[in-house]
There are 2 protein chains.
Amino acid sequence: MSDTRAYARTLERLKKAGLRPTRQRLALGKLLFEGGHRHVTAEQLHSEAAKNQARVSLATVYNTLHQFTEAGLMREVVVEAGRSYFDTNIDDHHHFFHVDTGELQDISGSDVMVTAMPSMPMGTALDRVDVIIRVRSAA
Amino acid sequence: MSDTRAYARTLERLKKAGLRPTRQRLALGKLLFEGGHRHVTAEQLHSEAAKNQARVSLATVYNTLHQFTEAGLMREVVVEAGRSYFDTNIDDHHHFFHVDTGELQDISGSDVMVTAMPSMPMGTALDRVDVIIRVRSAA
DNA sequence: TCTTTAATTGGAAAAATTCTAAAGGGCTTG
DNA sequence: CAAGCCCTTTAGAATTTTTCCAATTAAAGA
């Protein structure tokens, strides 16, 4: 896919989400939404941007990831103390988390079924159910 | 319950776990395991210890929480970017997480059922399944 | 195009956690 | 019960992760 077309797609995406198509967002969006789904940390995305000649500060990477998340373009997945992953897959799904390697792996929503949901606490409404299956390297 | 008995219980717990019963561990253990189950952050426990005339450095609180967790006396629960909770309830159970308040609330293991488990990725073994039900304040 | 207005950016600061090297304290052995 | 081994604690600094806010930049209207 040509660079121009990649940017055009990202541009479209940003417009739909009501986000200004700035240079930084276009660059990060291109990295995130090109090719298949991804699990990235802010730090990873930041250094990846640097490698691609895109000068973007780490703070902007955080801002952008949060804005994309708020706009429903991504999901935030928290599995480890002091580290957030951002997932470009926004379909209903869950995760394997490799305790030893820190890797995340998607589990299609249909492969996990949560039954017997308890009732919500008073005055609250359901936001989302996260299932994280922690695995470690077999002995 | 008398202080003496409280310490005796914690002492027993530490011995079983193979942890030296130091002054600091006894003080923190007493705070953690007295009364009902608790969800605490390192910072919370640290200031609580200070209020109870127990001089314990923040680094030691972190060390102790991790040691207790490794010894199976507690569980670490990660729900928010940049913050870890430690849970004194080690029974099979899951959590409600209040997105707005940051509060955690236990769900008994029998109230949530995860079925249709996918097979583990190659070369991995199951460690644990975490279910976090995110709720927000009702409109 | 120019101006106004509001969103965006990134350096700096804050918050959370870990590291380090020196001092302290349990526990075993003699 | 003293000596010594070695695990623990500690304070401070370093590191890592995340957020704040003043300067900048983009969008909209004239």
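Chain naming here is simple, since letters A, B, ... match the order of the sequence lines and numbering starts at 1 in each. The model shown is predicted, which means the values in this text are computed figures rather than measured ones.
- In this structure, A/Gln24 reaches the sugar-phosphate backbone alone: every heavy-atom distance under 4.0 Å involves primed, P, OP1 or OP2 atoms, never a base.
- By the side chain to side chain donor-acceptor pair (under 3.5 Å) test, B/Asp106 pairs with B/His39, B/Asn89, B/His93, B/His95, sequence neighbours left out.
- A heavy atom lying under 4.0 Å from DNA chain D marks the following residues of residues 51-59 of chain B, by number: B/Arg55, B/Val56, B/Ser57, B/Ala59.
- For A/His46 and A/Tyr62, the distance between ring centers is not under 6.0 angstrom.
- Each salt bridge (charged side-chain N to carboxylate O under 4.0 Å, His left out) pair with one or both residues in residues 86-98 of chain A, not counting sequence neighbours, would appear here, but there are none.
- Mapping B/Lys15 and B/Thr41 onto DNA chain C by nearest heavy atom places B/Thr41 closer to the 5' end of the strand.
- Rounded to a whole Å, the CG atom of A/Leu14 is 13 Å from the C1' atom of C/dT8.
- Residues satisfying the salt bridge (charged side-chain N to carboxylate O under 4.0 Å, His left out) test with B/Arg13, not counting sequence neighbours, are none.
- In this structure, the CD atom of B/Gln44 is 13 Å from the C1' atom of C/dA16, given to the nearest Å.
- Along DNA chain D, the stretch of nucleotides lying under 4.0 Å from any heavy atom of chain B spans, 5' to 3', D/dC7 to D/dT18.
- The salt bridge (charged side-chain N to carboxylate O under 4.0 Å, His left out) check on A/Glu48 picks up A/Arg38, with sequence neighbours excluded.
- Per the geometry, NE2 belonging to A/His66 stands 15 Å off P belonging to C/dT8, to the nearest Å.
- The distance between atom CG of B/Leu45 and atom C1' of C/dA16, rounded to the nearest whole Å, is 15 Å.
- The CZ atom of B/Arg23 sits 9 Å away from the C1' atom of C/dG24 (whole-angstrom rounding).
- Backbone-only contact: A/Thr22 has heavy atoms under 4.0 Å from sugar-phosphate atoms and none from a base.
- Going from atom NE2 of A/His46 over to atom P of C/dG10 covers 9 Å, rounded to whole Å.
- The CG atom of A/Leu19 sits 11 Å away from the C1' atom of C/dT8 (whole-angstrom rounding).
- Remark: nothing in residues 67-74 of chain A comes within less than 4.0 Å of DNA chain D through any heavy atom.
- A donor and an acceptor atom, one from each side chain of A/Thr101 and A/Glu103, are located under 3.5 Å apart.
- Cluster membership check: A/Met74 does not share its hydrophobic cluster with A/Val78, using side-chain heavy-atom separations under 4.5 Å among Ile, Leu, Val, Met, Phe, Trp and Tyr.
- The side chain to side chain donor-acceptor pair (under 3.5 Å) check on A/Thr60 picks up A/Ser57, with sequence neighbours excluded.
- The residue A/Ala42 sits apart from the nucleic acid: no heavy atom pair falls under 4.0 Å.
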Just list the side-chain donor-acceptor pairs under 3.5 Å for residues 127-139 of chain A, sequence neighbours left out, or say none.
from, atom 1, to, atom 2, distance (Å)
A/Asp127, OD1, B/Arg136, NE, 3.3
A/Arg128, NE, A/Asp130, OD1, 2.8
A/Arg128, NH2, A/Glu76, O, 3.3
A/Arg128, NH2, A/Asp130, OD2, 3.0
A/Asp130, OD2, B/Arg134, NE, 3.1
A/Arg134, NE, B/Asp130, OD2, 3.0
A/Arg134, NH2, A/Val79, O, 3.0
A/Arg136, NE, B/Asp127, OD1, 3.3
A/Arg136, NH2, B/Leu126, O, 3.2
A/Ser137, OG, A/Asp100, OD2, 3.1

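- In this structure, B/Phe86 atom CZ and C/dT17 atom P are separated by 7 Å, rounded to whole Å.
- Annotation: salt bridge (charged side-chain N to carboxylate O under 4.0 Å, His left out) contacts of B/Arg83 (sequence neighbours excluded): B/Glu80.
- Residue pairs satisfying the salt bridge (charged side-chain N to carboxylate O under 4.0 Å, His left out) criterion with at least one member in residues 51-74 of chain A, sequence neighbours excluded, are absent.
- Partners of A/Gln24 by side chain to side chain donor-acceptor pair (under 3.5 Å), not counting sequence neighbours: none found.
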